[in-house]
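Some notes on the structure that comes next.
All ligand and atom numbering here is 1-based and tracks the order in the structure. Positions are given from 1, in the same order as the sequence printed here.
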Amino acid sequence: MTDLTAADLKADILRHLTFTLGKDAPHASLYDWRMALSFAIRDRIVDPWFASTRKTWESGHKRVYYLSMEFLIGRLLEDATINLGLRDKAEQVMAELGQDFRAIVEDEPDAALGNGGLGRLAACFMESMATVGCPAYGYGIRYEHGLFRQGFDQGRQIEMPEDWLTQRHPWEFERPEAAYTIAFKGHVEKRDGRDVWVPGETVLAEAFDTPVVGWEGRWANTLRLWGAKPTRLFDLDRFNRGDYAAAAEPETLARTLSRVLYPDDTTYQGKELRLKQEYFLTSAALQDILRRFKAGGHALRDLPDHVAIQMNDTHPAIAGPELIRLLVDENGMEFAEAMEIARACLGYTNHTLLPEALERWATFTFGNVLPRHMQIIEKIDAWHRETYHPPHWVGIVKHHEVRMGELAFIMAHKVNGVSALHSDLVKKNLFPELEGLHPRIVNETNGVTPRRWLKMCNRPLSGLITDTIGAGWEADLDRLKELEPHVKKKTFLKAFDGAKRANKVALAGWIADHCGVTVSPDALFDVQVKRIHEYKRQLLNILETIARYHAIKADPQKDWVPRVKIFGGKAAPGYVVAKEIIHLINDVATVVNSDPEVGDRLKVVYPPNYNVSLAERLIPAADLSEQISTAGKEASGTGNMKFMMNGAPTIGTLDGANVEILQEVGAENFFLFGLTAEQVIERRKNPDHARDAILASQPLQDVLQMIAEGAFSPGEPGRYHQLVHRVWHHDYFLVAADFDAYLAAQAEVDIAYADRARWLKMAALNTARSGFFSSDRTIRGYMADIWGLESAL
Ligand code: 26Q
């Protein structure tokens, strides 16, 4: 922790305002103040950052390299300030300078360099690796445009470009000296019996470093993001001939590589630019890793003693062949030895079982973009066949496609799933044959950083926790268990209630301002926030909402437990069905919210552009966490853990990490419903499963009829005919089959919520028993089971 005084901090801020920003205090804008504060805070990270780097060099400690196409960081200012122990000082100093700390913090744009769970996990891991003292580099792409900004036009999703980099990004250090040439295309020639790749195109990868500081500033690591630059800046000949657009072509072509994040998180499309992005990240990272390793003066055969490389899903799975290429082609190593070394370094994390999300590249595309790697992959495949004799249908190259999952599996010494259930399914359903031949699958259940997801986003609750069990739980989250004895006490429960209510009042105000909907903080805040996908079943939630609306209309005088249904999430731009579900939710909101007979008994709110910052606002105010995916489909979920930590019980299926949440919190504090993963498979064997379920459920029939008759689209009654038809006839995700069970579980929720004492106890126990879901625990698991290193602290 830094011993900086408030006066020092103030002087630093004013110095930056003057000399870095070139602004005089009376003329400084909110932006200027934010920059000045950010630079002053960044200065404080530099010391622990250098100290950590120095210590790693001096001790020759092994390093982790986390390769990820996505890092969904969100804002950095408050997070860094809290980890340095400067939060209150910064607030005080800014007040003295006439500035509102909250307003400054909220002026920072989100770094949205990821789609969802996988990217946010990478960000939590970076923070946890710094907290536990695991020497690490994160490697990613510095996208000019992160995930699109979502808007609604008459209820329909529209996408707008996101422009986080139009303002100065105060956290990064540009490293023009750390640049590597990345090659593509061309052909391979034989020269003196060796294969030589003669590339057709090259670009430069330039490093931008962001320090990531852990809790109490004890350790700091680097997030190194690569930006693409042309190897040849400018075509002067063309310029001199007056062809100005063509003169800038090399620049345009190169920059395209790091221009934009692909917004699909489940359907693989096989676009050449995506493959180029994946190789761009991976090759730059591996060249950098080998350069740093050689600077340590070691022999290449000792690489696995010093280097652990983790592939975040298959997106950087080209790391296997690229490492072989660098060792064999560039360093003259024999193929067999290179294989042994590469495999000892590499680990692969799988995040999905959905067949449509598994990366496969046409050998034609692959061989065209990366001809040398295509050869190496064929060689790896042949080596694997000869060494392990797999069944004929198992391999990397099949039916003119390169299967990235198999490639990653074969090139890694450890493969992991992200929850107990998921890891089991990866073994049984995804890679049964490979696992049988050479077992290597382990489980590392996901986690989230409690610094951001409790301490920072929920000041009322984290204050209460510190008051109750003392400081220090932030980096030792199992200590939340110490709250349990207090859960019996009325005074504690009252304070817990007060914290939740403060967050709900704040959110109600925000919703009024930003969505124009009035919601009562006394209502039950029921929240489902995540990417929109059929398997996540936002449709099930909105159908239940309609059933509730129908029931309220039929009996308005009943003592309804008031509810606010809050939705948040983006659909991939090309995902038509997901967009239709968004439209339906918004249409239902319009009808329900303007029905005077309903009033506070039910409101539906869907704020646009769900992102990390909005999550930080919604999750602390939630009473109920919706985790209702079709069992067997959600690899883990991490939002589920954030809600639990913030004292929101789950309504959910036995899917992903819900299973472990249920185990930790106890069945009496969790609203479980729905088919299990095994039952899902069984049920699908009945071709009439949806029809049977609908005919057996009057509420579901009523709901589907209302939608079909245009109750929520009066101007266009046929708007949802296809959607209703799909529920009847193509209900792959078993919305109908689980509907009645979900309705019953929601009725249980109402009963529990009406009993204040019971509800508060449930909510508090969710927080008290969430310690397992700290990403510190997850990282320690990776260190012990996969990376083979210990804390450097
Ligand atoms: C692949 C190829 C081309 C373009 C895009 C992609 C792509 C991008 C992102 C494929 C998948 C993703 C993201 C997947 C993801 O977020 N998975 C989630 O990972 C979380 C962390 O482990 C889990 O908690 C979630 O259950 C899982 O859905």
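Atom CG in Asn443 sits 6.0 Å away from atom CD in Glu660 (nearest 0.5 Å).
Of all the heavy atoms in Asn766 and Ala648, the pair that sits closest is OD1-O, 4.0 Å.
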Please determine whether side-chain hydrogen bond (donor to acceptor under 3.5 Å, both in side chains) holds for the pair Asp110 and Ser613, giving the CA-CA distance in whole Å, both sets of side-chain angles, and the decisive distance to 0.1 Å. CA-CA 7 Å; Asp110 272 39; Ser613 294; 2.3 Å; yes

Please test Glu162 against Gln150 for side-chain hydrogen bond (donor to acceptor under 3.5 Å, both in side chains), starting from the C-alpha separation and ending with a verdict. CA-CA 9 Å; Glu162 177 273 356; Gln150 177 194 54; over 6 Å; no

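The aromatic rings of Tyr66 and Phe125 sit perpendicular, their planes meeting at an angle over 60°, well past the 30° parallel limit.
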Measure and list all N/O to N/O distances between ligand 1 and the protein that fall under 3.5 angstrom.
from: ligand 1; atom 1: 16 (O); to: Leu118; atom 2: N; distance (Å): 2.9
from: ligand 1; atom 1: 22 (O); to: His351; atom 2: ND1; distance (Å): 2.6
from: ligand 1; atom 1: 22 (O); to: Asn446; atom 2: OD1; distance (Å): 2.9
from: ligand 1; atom 1: 24 (O); to: Gly637; atom 2: N; distance (Å): 2.8
from: ligand 1; atom 1: 26 (O); to: Glu634; atom 2: OE1; distance (Å): 2.6
from: ligand 1; atom 1: 26 (O); to: Ala635; atom 2: N; distance (Å): 3.3
from: ligand 1; atom 1: 26 (O); to: Ser636; atom 2: N; distance (Å): 3.0
from: ligand 1; atom 1: 26 (O); to: Gly637; atom 2: N; distance (Å): 3.1
from: ligand 1; atom 1: 28 (O); to: Tyr535; atom 2: OH; distance (Å): 3.3
from: ligand 1; atom 1: 28 (O); to: Glu634; atom 2: OE1; distance (Å): 3.1

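In terms of modelled atom types and a separation under 3.5 Å, the side chain of Trp164 and the main chain of Tyr143 share a donor-acceptor contact.
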